[in-house]
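For reference, the structure discussed in these notes is given below.
Below, chains carry the letters A, B, ... as their sequence lines are ordered, and counting in each starts from 1.
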Amino acid sequence: MNKVAIRIGDVAFANPIMVASGTFGYAQEFDGLLDFSQIGAIVTKTVTLEPRTGNPPPRIWETAAGMLNSIGLPNVGVEEFIAKKMPFLRNLATRIVVNVAGKTGDDYVRIVERLQQVDGIDAYELNFSCPNVKQGGMSFSADAQIAERVTADVRKKSQRPLIVKLTPNVTSIADIGKAVEQGGADAVSAINTLVGMAVDVKSRRPRLSTITGGLSGPAIKPIALAKVYELCRKLTIPVVAIGGIMNLQDALEFFVVGATAVQIGTANFINPACAAEIAQGLHGYCRAQNLNLQELIGSLRVEK
Amino acid sequence: MTDNCDSHAKHLLNCRVESLAQVAFNTYRLTFASNWLAEQAQPGQFVNIAVPRCGDILWRRPFSFHQIDRHSGACTVLIQVIGRGSEALTRVQPGEHLSCLAPLGNHFVIPAEIDELLIVAGGLGIAPFFFLLQEVAAQPYKKVLFYGAASADCFCRVDELSSLTSQLFLTTDDGSRGEQGLVIKPLQRFLAEPGGKRRLVLTCGPTRMMQAVQNLCKKYHLPGYVSVENLMACGFGACMGCAVQMIDKGLSAKPFLLACKDGPVFPIDEIVIDE
């Protein structure tokens with residue numbers, strides 16, 4: 001019996017270990033480095049309506065237990081994604097979640113409408129929270145009303161589960177979470193990167209071309225745990241946890257605070273097989289402890 | 001002339017450290033064993049090595065293949081101590097294992113019909129050319145190496161390089177060995193003299209040196225290749241962090257390439273060489 005299966009909307013996932021958008025390309029880059037069928041889902045690099053070239057270099061900087069990035073969502077656009085990337089993705093024995101971003105609310109609707117005509121996609125993740133694009137992205141996840149409206153608009157066009165990816169760069173992530181739940185989201189994923197910065201004293205220049213970027217990696221895990229905990233307490237829909245997960249132990253912590261699933265991000269860069277190893281580890285843990293994942297989720301013990 | 005390597009070719013390998021030796025100031029030669037990799041690796045390609053025992057250092061560190069013994073399986077990289085990551089890699093012990101992701105990137109492909117191969121290396125930029133010169137040792141064309149360093153103790157394996165080349169020009173910033181000044185100086189003089197008709201220039205090293213080589217290639221209408229070293233989080237095209245700007249020729253719809261996947265070897269007239 002599968003002790004680790006989960007469900008988001010009406011879609012079942014064989015296990016709750018996913019790979020985070022922007023850290024796994026369109027999976028082809030990882031061909032031969034891991035067994036795709038061992039992971040619960042692949043969340044694709046963001047797809048936009050039109051192709052995007054991304055930000056000028058330098059785009060990344062390594063920080064203590066983390067990294068800053070300002071990639072700027074380079075991607076081939078939805079039509080080429082369907083033509084060139086989907087044939088590989090749809091043949092993989094795992095769930096495919098397509099991450100979508102737009103400049104306007106209407107962009108999200110149009111991309112999802114287009115993707116509804118394509119088979120091999122299991123769910124959408126709406127990127128309301130990229131900190132590195134000048135227009136859009138962030139703003140959708142920083143304003144509860146806009147977030148709810150865009151979610152509701154996409155909901156009308158989507159026959160597939162919607163996961164809304166939230167930014168931690170707001171006063172109350174739970175308020176935004178509540179709003180997208182109202183709007184009809186099937187789950188939220190959190191957290192996207194935190195706005196961060198690094199400076200070269202010698203040249204007096206910022207380390208990134210866009211001055212600030214998104215901080216990820218183990219450095220942000222405690223923040224992610226707190227945000228995920230907050231979301232799990234306030235929301236009834238599943239929470240997909242993201243933020244500095246490097247190993248099974250990290251993943252287990254997020255299940256204990258209430259996450260239904262987790263996404264592995266930065267760790268994919270360092271150990272391309274990380275997500276598959278964590279998934280295998282989770283199977284082993286549940287067997288050894290003789291428990292179902294569902295018993296682990298939200299099992300945090302807090303003194304009253 | 002450059003060749004995109006098969007994306008399926010890379011492997012995550014657990015390699016035994018064979019030896020570690022200091023070869024120059026602040027510079028070490030690390031040799032690890034992998035028969036498979038020693039068969040696969042091409043000059044210009046690189047290996048991404050995980051930094052051992054440093055939990056707060058995330059990224060692997062990329063190193064060009066410096067020497068490959070295809071028979072014994074010994075794979076060697078040159079490590080210059082820059083920060084804590086590279087420093088940790090110079091404290092490994094023979095017998096311990098390193099997580100190596102390789103081979104990555106494209107490689108130099110040298111057409112057989114050239115007359116002269118001109119290599120311009122600055123500092124640790126020499127790393128890939130030792131391997132390359134070994135691989136082309138039997139080729140009939142002339143091999144000329146312009147090798148600059150900060151001072152005499154910064155040179156790596158000059159005697160061996162001398163035996164692998166037809167002509168060797170050394171320069172140092174402080175004049176402690178070879179000609180004093182930039183490595184560009186002997187290159188300029190060499191190019192000003194009439195020489196082989198079919199020359200190919202390869203370069204790797206500090207940004208300003210590579211820019212100067214780029215300008216000379218343009219001036220003398222020489223084909224050339226540059227091997228870039230960019231920060232990279234993954235090394236295989238997933239993070240898209242190591243973007244290289246293409247020179248705008250008006251027809252390119254693709255303003256950025258990735259150093260790890262599209263490079264690290266690029267035609268010298270195609271990319272913007274920048275800090």
Side-chain angles (χ1 to χ4, degrees), chain A residues 19-20 22-34 45-46 51-76 88 200 202-203 205 207-209 213 216-219 244 246-247 265-274 277, chain B residues 5-14 48-52 54-62 82-86 99-102 104 207 228 230-246 248 252-261 263 271-275:
Chain A
V19 287
T23 67
F24 210 74
Y26 299 103
Q28 245 166 322
E29 292 81 355
F30 288 75
D31 199 15
L33 294 176
L34 81 167
K45 173 92 186 143
T46 294
R52 287 179 59 91
T53 57
N55 293 334
R59 291 178 171 182
I60 52 171
W61 185 253
E62 194 179 34
T63 63
M67 63 175 283
L68 287 164
N69 86 79
S70 180
I71 310 297
L73 307 181
N75 79 96
V76 294
F88 181 82
D200 179 11
K202 202 173 149 194
S203 68
R205 284 174 178 278
R207 296 289 191 182
L208 299 175
S209 70
S216 66
M246 302 298 284
N247 51 47
T266 301
N268 297 319
F269 299 150
I270 295 109
N271 174 10
C274 184
E277 289 170 10
Chain B
C5 83
D6 177 6
S7 66
H8 298 253
K10 60 187 178 285
H11 278 58
L12 201 49
L13 306 161
N14 198 29
N48 225 355
I49 306 179
V51 178
C54 290
D56 62 324
I57 294 179
L58 283 188
W59 295 347
R60 290 167 180 270
R61 296 296 190 259
I82 304 283
R84 290 200 305 127
S86 48
S99 171
C100 299
L101 185 59
L104 301 173
T207 303
V228 300
N230 282 28
L231 288 178
M232 41 185 77
C234 72
F236 53 96
C239 77
M240 305 182 95
C242 59
V244 173
Q245 194 146 14
M246 292 192 77
D248 186 6
S252 170
K254 211 178 172 189
F256 300 114
L257 296 174
L258 296 181
C260 69
K261 207 173 129 183
I271 64 162
V272 176
I273 299 170
D274 214 339
E275 296 292 344

Item to complete: Kindly compute the distance separating CZ (Arg59(A)) from CG (Leu258(B)), expressed to the nearest 0.5 Å.
Response: 7.0 Å
Item to complete: Could you tell me which non-hydrogen atom of Thr53(A) sits nearest to which non-hydrogen atom of Phe256(B), and how far apart they are?
Response: O-CD1, 3.3 Å
Worksheet entry | Pairing of Arg84(B) and Glu62(A) as salt bridge, 4.0 angstrom limit | no
Fill in: From SG (Cys234(B)) to CG (Asn268(A)), nearest 0.5 Å
9.5 Å
Practice prompt. Please look at Ala243(B) and chain A and tell me whether the side chain, the backbone, both or neither of the residue comes under 4.5 angstrom of a heavy atom of that chain.
Written response: both
Discussion item. On a heavy-atom basis, which atom in Ala238(B) and which in Thr23(A) lie closest, and how many Å separate them?
Written reply: CB-O, 4.0 Å
Discussion item. Less than 4.5 Å to any heavy atom of chain B: does that hold for the side chain of Leu33(A), its backbone, both, or neither?
Written reply: side chain
Discussion item. Minimum heavy-atom separation for Leu58(B) and Gly217(A), please, with both atom names.
Written reply: CD1-CA, 4.3 Å
Worksheet, complete the sentence: Ala233(B) and Met67(A) have their tightest heavy-atom pair at CB-CE, 3.8 Å
Worksheet item: What part of Ser203(A) gets closer than 4.5 Å to chain B, counting heavy atoms only: side chain, backbone, both or neither?
Response: neither
Worksheet item: Under a 4.5 Å cut-off applied to non-hydrogen side-chain atoms, are Leu12(B) and Leu34(A) in contact?
Response: no
Response to the item:
Comparing Pro57(A), Ala219(A), Gly25(A) against chain B, the one with the most heavy-atom pairs below 4.5 Å turns out to be Pro57(A)
Worksheet item: Is any side-chain heavy atom of Asn69(A) closer than 4.5 Å to a side-chain heavy atom of Met240(B)?
Response: no
Worksheet item: Taking side chain as C-beta onward, heavy atoms only, is Phe236(B) less than 4.5 Å from Pro272(A)?
Response: yes
